[in-house]
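Written below as structure tokens is the structure these notes are about.
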Amino acid sequence: MIDLRLVRDDPDRVRASQRLRGARESLVDALLSADDRRRSSVTRADALRAEQKALGRDVAKADARTRPALLSRARELAEHVKAAEADQVAAEEALRAAHLAVPNIVEPDVPPGAEADFITLEHVGTPPTPENPRDHVEIGAALGAVDTDRGAKVSGARFYFLTGVGAELELALVNLAMDQARTAGFTPVIAPALVKPEVMEGTGFLGAHASEVYRLADDELYLVGTSEVALAGFHSNEILETLPRRYAGFSSCFRREAGSYGKDTRGIIRVHWFDKVEMFSYVPVDEAREEHQRLLAWEREFMDKLELAYRVIDVAAGDLGSSAARKFDIEAWFPSQGAYRELTSTSNCTTFQARRLNIRTRTDGGTQPVATLNGTLCAVARTIACLLDHHQQPDGSVYVPLALRPWLGGRESLVP
RNA sequence: GGAGGCUUCGCCUAGUCUGGUCUAUGGCGCCGCACUGCUAAUGCGGUUUGGGUCUAAAGCCCAUCCCGGGUUCGAAUCCCGGAGCCUCCGCCA
């Protein structure tokens, strides 16, 4: 949810943001009129309630003679109060719906346009160009590390088993990521993968991308698509006395991948389930942009440890999620595809999620919503795919980056 | 899965049986002021969170006693439903 005060005071800024995203400007006007209607209905209901309370006190004090007359007046007033309250509730619900429909306001320097209009900020490293590169499915099968056939047999398309050194790779990556995060001051967290509707809605995933989310209808629970969801819910309905707070969450992530038929059908780049280590920060609003840069720096540090060639992109406004004001992706080089593919993503959600989830801090001017930010440290399955692809050797082995070796029993390469 | 108990403004707590200045009591903590040569102690005052009104502040008003309904002129209090926590029984990795 965006700041209603800003909508009232500077609606043109909100309209401009909608334009940048390619979203409807009319939503802003709908929000303004819903806000108007709510306030007038609240004022009316408040006045009636005040009158009712005063009359109620008179009833309590009245003697037997004057009581009946007061009571009949009070009964009549009660009807009016009831009607005004019903009107207030309707107006509040309408406002909430209009409010939820407006995505976060984008930062001023976000590139306008759609998915393809991203700006590349930097290239790091030299992309390896092996001759006749094999993809991670072939390499993973040869190493006995990835078994997609049995994944499909047991769970269906886009599922997999990590076996042998594949399973070891996951544990090594998770340990390396958690180790880095802890050193940087993050609190390690193992987070639940099932959350309540209000938490899922609070993080903004039930809007335009609701069809991406697995829902357990029998239990009114959702499977998270990212650890961000549980980490954002962690402090919901709280006033945080101390900031910043940084958490590194590990959890499984589940995605329906509706509408991605035909994309990345091979291997474990795009799957229904994977594990992830995610950074999540709660900071004061005016520190959000700096924190965003820090998250990006930590992501780059991790990429560097894996000795990967990558590029950093500034995601275009039309490709931002509804919660994000700005997003940077890191895309690493996949030799077999001759392309950069997204490995991590970091978003500044400013106060958008905190408003929905009611997470505040104290300032001189009273309580204020905090800013929330998230960034991938390691999305395990895709990172394994990249490592196998990126570090493949002509002799069929796979080079193990230095930083990973301590977590893999000192192995310098993986040999079939 | 079954039985019972509990949930009050940061923490603890009074109030619920018997509906009406509950406009929620007291303690701890915290903030401010006063006093004493400093600290401590003591005294006085303040201290839930939202919303509305107002140019703004002050003030005034409304809501908030786990959540949602209901009864009533009026609900922390009575009734129904739900959640969370605790105890016991059963089952279980």
Side-chain angles (χ1 to χ4, degrees), chain A residues 1-11 31-100 190-202 215-222 230 233-243 245 251-252 282 284-285 351-370:
Chain A
M1 278 191 284
I2 62 173
D3 185 0
L4 266 187
R5 215 156 318 213
L6 177 69
V7 181
R8 284 176 212 149
D9 296 346
D10 193 0
L31 180 54
L32 274 172
S33 70
D35 178 47
D36 241 35
R37 204 196 131 209
R38 171 188 162 266
R39 282 191 293 168
S40 65
S41 74
V42 164
T43 305
R44 192 149 31 89
D46 274 3
L48 283 169
R49 265 189 296 261
E51 198 182 338
Q52 183 183 43
K53 283 178 69 173
L55 193 52
R57 279 191 289 271
D58 291 344
V59 171
K61 280 185 289 190
D63 56 34
R65 212 155 34 80
T66 52
R67 204 182 190 93
L70 285 173
L71 270 183
S72 78
R73 254 185 69 204
R75 259 188 285 268
E76 194 189 329
L77 187 55
E79 288 303 308
H80 291 143
V81 170
K82 217 174 158 186
E85 281 180 343
D87 185 56
Q88 179 185 340
V89 167
E92 279 169 347
E93 279 169 2
L95 172 63
R96 182 168 171 78
H99 205 170
L100 289 175
I190 310 287
L194 285 166
V195 299
K196 295 180 180 183
E198 61 261 32
V199 174
M200 190 55 88
E201 179 174 75
R215 174 168 172 236
L216 303 187
D218 287 346
D219 301 280
E220 264 314 302
L221 288 169
Y222 292 90
F234 189 64
H235 282 305
S236 58
N237 294 312
E238 291 183 29
I239 297 176
L240 302 176
E241 306 286 350
T242 58
L243 292 175
R245 309 237 184 159
S251 82
S252 292
Y282 298 84
V285 193
T351 58
F352 188 84
Q353 293 177 331
R355 280 176 207 283
R356 294 180 172 212
L357 292 167
N358 189 28
I359 307 168
R360 294 162 294 167
T361 189
R362 294 189 203 276
T363 67
D364 293 339
T367 62
Q368 276 200 343
V370 303

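Within every chain, numbering begins at 1; the chains are lettered A, B, ... in the order of the sequence lines, protein sequences first and strands thereafter. The basis for the numbers below is simple: all heavy atoms, side chains too, and nothing from hydrogens, waters or symmetry mates.
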Check your understanding: A:Asp9 has an atom CG; how far is it from atom P of B:A56, in whole Å?
Key -> 10 Å
Check your understanding: Less than 4.0 Å between a side-chain N and a carboxylate O, is that true for A:Glu220 and A:Lys196?
Key -> no
Exercise for review: Rounded to the nearest angstrom, tell me the gap between atom CG in A:Asn358 and atom C1' in B:U64.
Suggested key: 13 Å
**Study point:** Euclidean distance for C1', B:C54 against B:G59 (whole angstrom)
**Key:** 10 Å
Practice item. Provide the distance between the two P atoms, one in B:G68 and one in B:G5, to the nearest whole Å. Key: 24 Å
Point to revise | Min side-chain heavy-atom separation A:Leu95-A:Leu31 under 4.5 Å | key: yes
Practice item. Determine, step by step, whether A:Arg96 and A:Met1 satisfy the side-chain contact (heavy atoms from CB on, under 4.5 Å) criterion, reporting the C-alpha distance in whole Å, the side-chain angles of both residues, the deciding distance to 0.1 Å, and the verdict. Key: CA-CA 9 Å; A:Arg96 182 168 171 78; A:Met1 278 191 284; 3.9 Å; yes
Check your understanding: Roughly how far apart, to the nearest Å, are B:U64 and B:G51 at atom P?
Key -> 16 Å
Check your understanding: So, is A:Arg38 near the phosphate of B:G52, with a side-chain N or O under 4.0 Å from OP1 or OP2?
Key -> yes
Exercise for review: Taking atom C1' in both B:G43 and B:A24, compute the distance separating them and give it to the nearest angstrom.
Suggested key: 26 Å
Check your understanding: Does atom CZ of A:Arg73 have more than 12 heavy-atom neighbours, drawn from other residues, nucleotides or ligands, at distances under 6.0 Å?
Key -> no
Point to revise | Pair assignment for B:A75, Watson-Crick or G-U wobble, requiring both distances under 3.5 Å | key: none
Practice item. Check whether any side-chain heavy atom of A:Leu194 sits under 4.5 Å from a side-chain heavy atom of A:Leu216, and report yes or no. Key: yes
Check your understanding: CD of A:Glu220 versus C1' of B:G81: gap in Å, rounded?
Key -> 17 Å
Exercise for review: Measure from the side-chain N and O atoms of A:Thr361 to the backbone N and O of A:Leu240, and report whether any donor-acceptor pair falls under 3.5 Å.
Suggested key: yes
Check: protein-nucleotides 59-61 of chain B nitrogen or oxygen pairs below 3.5 Å:
none

Check your understanding: Of all residues at least two apart in sequence or in a different chain, which pass the ring-ring contact (aromatic ring centres under 6.0 Å, His included) check with A:His99?
Key -> none
Revision key, fill the gap. A:Glu241 atom CD is separated from B:C30 atom C1', nearest whole Å, by 11 Å
Exercise for review: Rounded to the nearest angstrom, tell me the gap between atom CZ in A:Arg5 and atom C1' in B:U55.
Suggested key: 15 Å
Check your understanding: Given that both distances must come in under 3.5 Å, which nucleotide forms a Watson-Crick or G-U wobble pair with B:A58?
Key -> none
Point to revise | Polar side-chain atom of A:Arg44 near backbone of A:Ala84 as donor-acceptor pair, under 3.5 Å | key: no
Practice item. Can you sort out the partners of A:Glu51 under side-chain contact (heavy atoms from CB on, under 4.5 Å), two or more places apart, ordered by chain and number? Key: A:Leu48, A:Leu77
Check your understanding: Across all strands, who's sitting opposite B:G4 as a Watson-Crick or G-U wobble pair, both distances under 3.5 Å?
Key -> B:C86
Check your understanding: When you compare B:C11 with B:C80, how far apart are their C1' atoms, in angstrom units rounded to a whole number?
Key -> 33 Å
Please write out each protein N/O paired with an N/O of nucleotides 65-74 of chain B under 3.5 Å, distance rounded to 0.1 Å.
residue	atom	partner	partner atom	Å
B:C73	OP1	A:Arg75	NH1	2.6

**Study point:** B:C35 versus B:A75 - spacing of their P atoms, nearest Å
**Key:** 48 Å
Check your understanding: Once you round it to whole Å, what is the distance between C1' of B:G52 and CG of A:Asp87?
Key -> 15 Å
Review point. Excluding sequence neighbours, so at least two apart, what forms side-chain hydrogen bond (donor to acceptor under 3.5 Å, both in side chains) with A:Arg38?
Key: none
Exercise for review: Quick one: list whatever passes side-chain hydrogen bond (donor to acceptor under 3.5 Å, both in side chains) with A:Glu238, sequence neighbours left out.
Suggested key: A:His235
Point to revise | B:U87 versus B:G82 - spacing of their P atoms, nearest Å | key: 23 Å
Review point. Base, sugar-phosphate, or nothing: which does A:Arg362 touch, judged by heavy atoms less than 4.0 Å apart?
Key: sugar-phosphate
Study note, to complete from the structure: Taking for A:Ile239 and for A:Val42 the nucleotide of RNA chain B with the nearest heavy atom, the one nearer the 5' end belongs to A:Ile239
Point to revise | Integer-rounded Å distance: B:G51 C1' and A:Met1 CE | key: 14 Å
Review point. Once you round it to whole Å, what is the distance between C1' of B:G51 and CD of A:Glu85?
Key: 14 Å
**Study point:** Counterpart base for B:C44, defined by Watson-Crick or G-U wobble contacts under 3.5 Å
**Key:** B:G32
Review point. Expressed in whole Å, how much space separates the P atoms belonging to B:G19 and B:C33?
Key: 47 Å
